[in-house]
Amino acid sequence: QVQLAESGGGLVQAGNSLRLSCAASGHTFSPYVMGWFRHPPGKEREFVAAITWGGGSPTYADSVKGRFIISRDNAKSMTYLQMNSLKFDDTAVYYCAARGGSRVSTALGSYEYWGQGTQVTVSS
């Protein structure tokens, strides 16, 4: 079992930056792929970014490519999402998620563990 807890959300003006953090606890010895997803109001939950255990193969949704950066610090069991040049459409509840193995996936159903989410609101 892995427990995940997000933090760092809040209200920010468009064009500014925000960094989300995800703390993992529990059985974190095995390699896990870490992902970030978001649930915009009135829409379905969608993939944002993912990264392998070794920090390679960072994968991004087209909508955030070039603006968001995913990173992780395994020694601290932390995963981060640096969000730059935020837009109104980035407003959502952001979730971190974990899946076993070494392959990055953009599919929600392939992630076994989820955090409770953190709200990000971008004002225009």
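Quick caveat, the model's predicted, so the values are computed rather than measured. Numbering starts at 1 and runs along the sequence shown.
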Next on the checklist: To check you understand the geometry: which heavy-atom pair defines the closest contact between Arg67 and Ser85, and what is its length?
Outcome noted: NH1-O, 3.0 Å
Next on the checklist: Using side-chain heavy atoms (C-beta onward) and a distance below 4.5 Å, is Leu81 in contact with Ile69?
Outcome noted: no
Checklist entry - Relative to the ring of Tyr32, is the ring of His27 parallel (under 30°), tilted (30 to 60°) or perpendicular (over 60°)? => result perpendicular
Checklist entry - Can you list the steps and then say if Ser71 with Gln82 is a side-chain contact (heavy atoms from CB on, under 4.5 Å)? => result CA-CA 8 Å; Ser71 63; Gln82 177 67 41; over 6 Å; no
Checklist entry - CD of Glu6 to SG of Cys96: how many Å apart, nearest 0.5 Å? => result 4.0 Å
Checklist outcome for this item: In Tyr60, Tyr111, Phe47, the residue satisfying side-chain contact (heavy atoms from CB on, under 4.5 Å) with Thr106 is Phe47
Item to check | Beyond-backbone contact of Arg38 with Glu46, side-chain heavy atoms, under 4.5 angstrom | outcome: yes
Next on the checklist: Looking at every non-hydrogen atom in both residues, tell me the closest pair between Val64 and Val48 and how far apart they are.
Outcome noted: CG2-O, 3.6 Å
Checklist entry - Are any non-hydrogen side-chain atoms of Trp53 and Met34 less than 4.5 angstrom apart? => result no
Item to check | Closest non-hydrogen atom pair between Ser110 and Ala107, with its separation | outcome: OG-O, 2.7 Å
Checklist entry - When rounded to the nearest 0.5 angstrom, what is the spacing between OH in Tyr94 and OG in Ser7? => result 15.0 Å
Checklist entry - Looking at Val120 and Gly9, what are the two nearest heavy atoms and their distance? => result CG2-CA, 4.1 Å
Item to check | Distance in Å, Ser21 OG paired with Arg72 CZ, rounded so as to fall on 0.5 Å steps | outcome: 14.0 Å
Item to check | Euclidean distance, Thr59 OG1 relative to Lys65 NZ, rounded to 0.5 Å | outcome: 8.5 Å
Checklist outcome for this item: Taken to the nearest 0.5 Å, the spacing of Thr79 OG1 from Asp73 CG works out to 9.0 Å
Checklist entry - Any Lys/Arg nitrogen of Lys87 or Asp90 sitting under 4.0 Å from an Asp/Glu carboxylate oxygen of the other? => result no
Next on the checklist: Please report the interatomic distance CZ(Arg45) to CZ(Phe37), rounded to the nearest 0.5 Å.
Outcome noted: 9.0 Å
Item to check | Nearest atoms (heavy-atom pairs only) where Gly8 meets Leu18 | outcome: O-CG, 3.5 Å
